[in-house]
Amino acid sequence: MGVSIKTPDEIEKMRVAGRLAAEVLEMVDSHVVAGISTEQLNQICHDYMVNVQDTIPAPLNYRGFPKSICTSVNNQICHGIPNDKVLKKGDIINIDITVIKDGYHGDTSKTYFIGEPSIKARRVTEASQASMYEAIKIVKPGLALNQIGKTIEEYIAPFNFSIVQEYCGHGIGKQFHEAPQVLHYYEKRPAKPCILEAGMTFTIEPMINVGKRHTKLLPDHWTVVTKDRSLSAQFEHTILVTDTGFEILTLREEERALFP
Ligand code: MF3
Ligand code: CO
Ligand code: CO
């Protein structure tokens with residue numbers, strides 16, 4: 001399948017799904033503290049999605065994923081499965097939320113600090129977030145998709161960090177993962193070149209490691225960790241290409257000042 005162009009009606013549904021996904025992150029914020037387990041965070045988010053929002057948690061049973069959210073702690077890069085592990089001061093945790101509302105998906109994630117982070121943890125987390133913002137800002141019709149990866153790579157280059165290559169952003173809509181693949185590093189000659197058009201919706205979700213870029217899949221078949229056990233941070237937004245540029249469909253209140 002090629003890259004779908006959403007109709008005005010679909011775009012409105014994507015706006016609703018995106019806002020609801022963002023609201024889950026805002027809701028869970030005050031619960032992300034030392035002493036709570038990732039399973040408790042899963043339960044809080046699940047109940048909110050199902051009982052308050054009337055949304056479907058997209059991860060639950062997606063290709064056999066057993067929980068409603070992904071929680072990736074410290075050296076876990078992505079797709080961490082919530083469990084009884086209790087968060088402690090100094091941890092960082094990415095919470096990745098995907099909701100389905102009215103048949104459409106909204107996908108977003110944020111890395112939280114538990115108490116005061118180490119200097120390294122703060123730097124890698126801030127670099128991941130800022131690289132995502134830099135990439136979002138260049139989005140407009142006519143842009144070659146591989147410029148997103150180029151922008152992230154150029155932003156990360158001055159740091160002694162690395163960019164995960166095995167997992168990428170993705171088109172999103174009726175499907176959780178649609179074309180195109182959105183690489184977070186520069187591919188000069190992409191296998192499937194793509195020029196952005198108004199009405200496309202996709203995620204940008206860079207995973208940045210303190211150490212080397214290489215990944216390892218845990219025996220649970222889901223949790224992706226850094227091979228060298230170094231810290232990893234990620235942020236994700238769902239983006240709409242508009243006639244003049246972009247709209248962040250999963251923008252949180254705390255980010256409003258950055259994108260007025
Ligand atoms: N939300 C993830 C993404 O950003 C995908 C999670 S798949 C799951 O694409 F099955 F682990 F939930
Ligand atoms: Co995603
Ligand atoms: Co996600």
Side-chain angles (χ1 to χ4, degrees), residues 3-4 14 17-26 28 38-39 41-43 45-46 49-50 55-73 76-83 93-101 104-112 125 128-129 131-133 135-136 139 145 148-149 152 163-185 200-208 215-225 232-241 246 248-252:
V3 181
S4 74
M14 288 296 292
R19 186 180 321 120
L20 288 163
E23 285 174 3
V24 179
L25 285 183
E26 293 177 329
V28 79
T38 52
E39 172 54 32
L41 293 173
N42 176 73
Q43 198 55 244
C45 292
H46 177 92
M49 289 186 264
V50 170
T55 56
I56 298 167
L60 188 58
N61 302 320
Y62 177 79
R63 298 175 184 237
F65 192 80
K67 299 286 174 175
S68 297
I69 66 173
C70 296
T71 53
S72 305
V73 180
Q76 298 178 345
I77 296 169
C78 63
H79 305 167
I81 302 174
N83 58 22
I93 177 176
N94 176 277
I95 300 182
D96 193 335
I97 301 292
T98 312
V99 306
I100 309 171
K101 182 72 167 184
Y104 288 81
H105 291 73
D107 189 6
T108 187
S109 84
K110 169 182 171 176
T111 296
Y112 298 81
T125 301
S128 164
Q129 186 173 34
S131 73
M132 176 191 67
Y133 289 147
I136 290 172
V139 168
L145 180 66
I148 288 175
I152 293 167
I163 304 170
V164 171
Q165 296 194 350
E166 290 88 342
Y167 302 86
C168 54
H170 49 91
I172 182 168
K174 273 198 176 101
Q175 307 290 330
F176 196 160
H177 298 104
E178 304 181 352
Q181 289 196 29
V182 181
L183 304 185
H184 302 119
Y185 60 94
M200 289 179 176
T201 50
F202 56 84
T203 71
I204 301 178
E205 46 181 302
M207 288 142 271
I208 308 299
T215 67
K216 192 178 101 180
L217 189 61
L218 292 190
D220 65 18
H221 297 295
W222 279 106
T223 312
V224 181
V225 300
S232 185
Q234 180 181 28
F235 285 79
E236 173 176 26
H237 272 312
T238 299
I239 307 299
L240 165 72
V241 184
F246 63 88
I248 304 177
L249 302 181
T250 46
L251 196 70
R252 297 182 303 281

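Whatever order the structure lists ligands and atoms in, that order sets their numbers, starting from 1.
Residues L240 and M14 fail the side-chain proximity criterion, which asks for heavy atoms closer than 4.5 Å. Y185 has its side chain out of reach of I152: every pair of non-hydrogen atoms, C-beta onward, lies at least 4.5 Å apart. Between I172 and E178 there is no side-chain heavy-atom pair separated by less than 4.5 Å. Counting only heavy atoms from C-beta outward, the side chains of I163 and P206 never approach each other to under 4.5 Å. Contact annotation: the side chain of F202 approaches that of V139 to within less than 4.5 Å [non-hydrogen atoms, C-beta and beyond]. A 4.5 Å side-chain heavy-atom check between L183 and Q181 finds at least one atom pair inside the cut-off.
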What are the atom names and distances for all N or O pairs under 3.5 Å between ligand 1 and the protein?
unit_1	atom_1	unit_2	atom_2	d
ligand 1	1 (N)	D96	OD1	3.2
ligand 1	1 (N)	D96	OD2	3.1
ligand 1	1 (N)	T98	OG1	3.4
ligand 1	1 (N)	D107	OD1	3.3
ligand 1	4 (O)	D96	OD2	3.3
ligand 1	4 (O)	D107	OD2	3.1
ligand 1	4 (O)	E205	OE1	2.8
ligand 1	4 (O)	E205	OE2	3.2
ligand 1	4 (O)	E236	OE1	2.9
ligand 1	4 (O)	E236	OE2	3.1
ligand 1	9 (O)	H170	NE2	3.0
ligand 1	9 (O)	H177	NE2	2.8

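Within the coordination shell of the Co ion (ligand 2), defined by N, O or S atoms under 2.8 Å, H170 is present.
Listed by chain and number, the residues in a side-chain hydrogen bond (donor to acceptor under 3.5 Å, both in side chains) with T71 amount to none (sequence neighbours excluded).
Put simply, the side chain of T203 gets close to the backbone of H170: a donor and an acceptor are under 3.5 Å apart. Of the possible polar contacts, none joining the S232 side chain to the Q76 backbone as a donor-acceptor pair under 3.5 Å is found.
Annotation: protein N, O or S atoms under 2.8 Å of the Co ion (ligand 3) (waters excluded) comprise D96 OD1, D96 OD2, D107 OD1, E236 OE1.
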Quiz: residues 60-67 side-chain donor-acceptor pairs under 3.5 angstrom, not counting sequence neighbours:
unit_1	atom_1	unit_2	atom_2	d
Y62	OH	H177	ND1	2.7
K67	NZ	E39	OE1	2.7

